[in-house]
Chemist: 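Mind having a look at this structure? Questions to follow.
None of the values given here were measured: they were computed from a predicted structure. Order of the sequence lines fixes the chain letters, A, B, ..., with proteins taken first and strands second; residue numbering starts at 1 for each chain.
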Protein chains: 2
Amino acid sequence: MTVTLADVAARAQVSPATVSRVLNGNYPVAAATRERVLRAVDELDYVLNGPASALAAATSDLVGVLVNDIADPFFGIMAGAVQSEFGGPGGRAGGERLAVVCNTGGSPERELTYLTLLQRQRAAAVVITGGAVEDPAHAEAMAGKLRRLGEAGTRIILCGRPPVPDTGSIALTFDNRGGGRRLTEHLLDLGHRCIGYIAGPEERTTTRHRLEGHRDALKAAGVDESETVHGPYDRQSGYEAARELLRRDPDVTAIVAANDTVALGACAALREAGLRIPEDVSVAGFDDLPFSVDVVPALTTVRLPLHEAGARAGRIAMGREAEPPGKVAVIPGELMVRGSTARPRA
Amino acid sequence: MTVTLADVAARAQVSPATVSRVLNGNYPVAAATRERVLRAVDELDYVLNGPASALAAATSDLVGVLVNDIADPFFGIMAGAVQSEFGGPGGRAGGERLAVVCNTGGSPERELTYLTLLQRQRAAAVVITGGAVEDPAHAEAMAGKLRRLGEAGTRIILCGRPPVPDTGSIALTFDNRGGGRRLTEHLLDLGHRCIGYIAGPEERTTTRHRLEGHRDALKAAGVDESETVHGPYDRQSGYEAARELLRRDPDVTAIVAANDTVALGACAALREAGLRIPEDVSVAGFDDLPFSVDVVPALTTVRLPLHEAGARAGRIAMGREAEPPGKVAVIPGELMVRGSTARPRA
DNA sequence: CTGTTAGCGCTTTCAG
DNA sequence: CTGAAAGCGCTAACAG
């Protein structure tokens, strides 16, 4: 029914082994023979059977990319960058790898489930992006899973997430803490003393690190922390949190949001409340997503090199770039000062 | 080395077949036996070998989702919705399907390559999202590939893309033409007579249909078409196109953009040119992405039910929803009138 | 309800 | 450089 490697072999008048060799190109084959085989492949419209191949070779060409929220450009940009490093010049079989992105939706269970599914497929590598959930039980389960994956030969790269020791995984970590600190320092420098903070979901590493940076800056300046509200990383959450912040303390002169999307929601709430940005309230985000420079006023934020980090993760996954020394690289963020922050009203 | 199904069978004192049956849950097994097997699985930390299973069963639990640009929320939202219909309550093996999203970057070659890779994996279903490239050679190649995939038992769902006849594929198509028409009618109603158009990339079905709708409205109103500029679906393109439009015709009173992201770029260019929105120039987008309601002024646009469409595609892929009559469903867009459009200056 | 028996289609030593 | 043969780990009849 469906054409197999044996059919190709018959047609090309060679043995199945030879066909396999030319397809994988990892073994010397006479040019004339190769030609004949390739022709047969074309004529028969043959497509390699992935599972059979993976079974026999005990490895597959699948690379998994786990993201917390595929609808969020933060993850989309990283995932796209990871994939951009695969698949060479679109040739025939060759070094093609199927980069597959899996959406955990931020759920710890789904994260584990996807890892199992990937383990099942004997994935060549797994790139896990974005903040981790800090629940101890889940952290332990993850560490165990990662270790087993690593032992089974799957390369693991953590991208934008803290290292998990003793699992053989490689981590490219964003300096969320440093970025958070610089952002608040900027606001402090402008003269703000009452800074509301809209944090991300609790028990998330990104949330905690950004918040810690914020507090570091406050403490260094001897300024008391104002109100802090937690919520998911979406615009709705920013909208509601800003209203809550205003209710708790109508005198806030600045609001720092967990990320740019949240900041956008916060801006909407402020405007609805009749407050001007930045004249009445300054607003800052995090990540520097593409839209952030275009909103009005343009958003002050911390730029994270999402594309670069993802691309690097992709290269490491492909074995095309050496792993960083100590298996960990810290990637700094860059403060982008724009129109949404200014001196507080006198 | 790595634990196999045979190991589990030995430990549970049953035959491999029985283990397979409890794992797949598609065959009656005595409760006590099942318990024993499950315990052995846990104790041995056994993970099914996907390739072996796929090879023997001649099907896999992979579902591919092709997107043109994973960094664009338009696709992220649909892809996330597709996946949301898979994987039940996160149970053990069960009906889990590995939904994998593949980023074509809008390249026809990569689209074909991914389809081949998916065919190789014997994917259970493939969901292809977003506009198609209209180049005849590519269209033919795609039709052939889709037909072969279908024959091999892979279910194909086109989501947000026109049907491809005679391939057995199912299409959930957005009414881009109708949406485009209503949008321009809205502008015409407001009194605009000189409407610049920033179209998407040439040879894309979405581009063509939206543009046709625009022209339909113009023609029905007896208004001449103004300038039209083509470009990719990103903010940069919108920015440049708007400048170009202004250069060609400084008297435009309204600009319709290919989508919301492009509209945002266009807004930035207008503002730079000292033009107010909507007082001097009205701007409209398409898609109604999450940020569109939050930008200032809020964007008039055509809402496409991306999540609903993706979810439906996911359900069809899972075989949990009947295919639409005639294998084609047309999904309408909804005009969202907001602050970025108003009467032209007198 | 459970065990036995063949493969699924490919890769990979091992010879030639 | 090429062929022969032995599985990879699992599923699916077919008996019992």
Chemist: Look at A:D166 together with A:R147 and state whether they make a salt bridge at an N to O cut-off of under 4.0 Å.
Modeler: no
Chemist: 5'-most contact on DNA chain C: B:V14 or B:L55, nearest heavy atom basis?
Modeler: B:V14
Chemist: Taking only the side-chain heavy atoms of B:L5 (C-beta and beyond), determine which of C:dT11, D:dC14, D:dC10 contains the nearest atom.
Modeler: D:dC10
Chemist: Could you tell me whether A:R161 and A:E111 make a salt bridge, using a distance below 4.0 angstrom between a side-chain N and a carboxylate O?
Modeler: yes
Chemist: Do you know the tightest heavy-atom contact between B:T173 and B:P163?
Modeler: OG1-CD, 3.7 Å
Chemist: Closest-nucleotide mapping onto DNA chain C: is B:R122 or B:R34 further toward the 5' terminus? I mean the 5' end.
Modeler: B:R34
Chemist: Is the shortest side-chain N to carboxylate O distance from B:R204 to B:E134 below 4.0 Å?
Modeler: no
Chemist: Hey, does B:A17 reach any base, or is it just sugar-phosphate, or nothing, if we go heavy atoms under 4.0 Å?
Modeler: base
Chemist: Any side-chain heavy atom of A:M78 sitting closer than 4.5 Å to one from A:V65?
Modeler: no
Chemist: Which part of the nucleic acid, if any, lies within reach of A:V19 when heavy atoms closer than 4.0 Å are counted: base, sugar-phosphate only, or nothing?
Modeler: nothing
Chemist: Across the strands shown, which category fits B:A57 at heavy-atom distances under 4.0 angstrom: base, sugar-phosphate, nothing?
Modeler: sugar-phosphate
Chemist: Are the side chains of A:Q121 and B:N49 in contact, using a 4.5 Å heavy-atom criterion?
Modeler: no
Chemist: Which of residues 44-54 of chain B sit near DNA chain D, with a heavy atom under 4.0 Å from it?
Modeler: B:Y46, B:N49, B:A52, B:S53
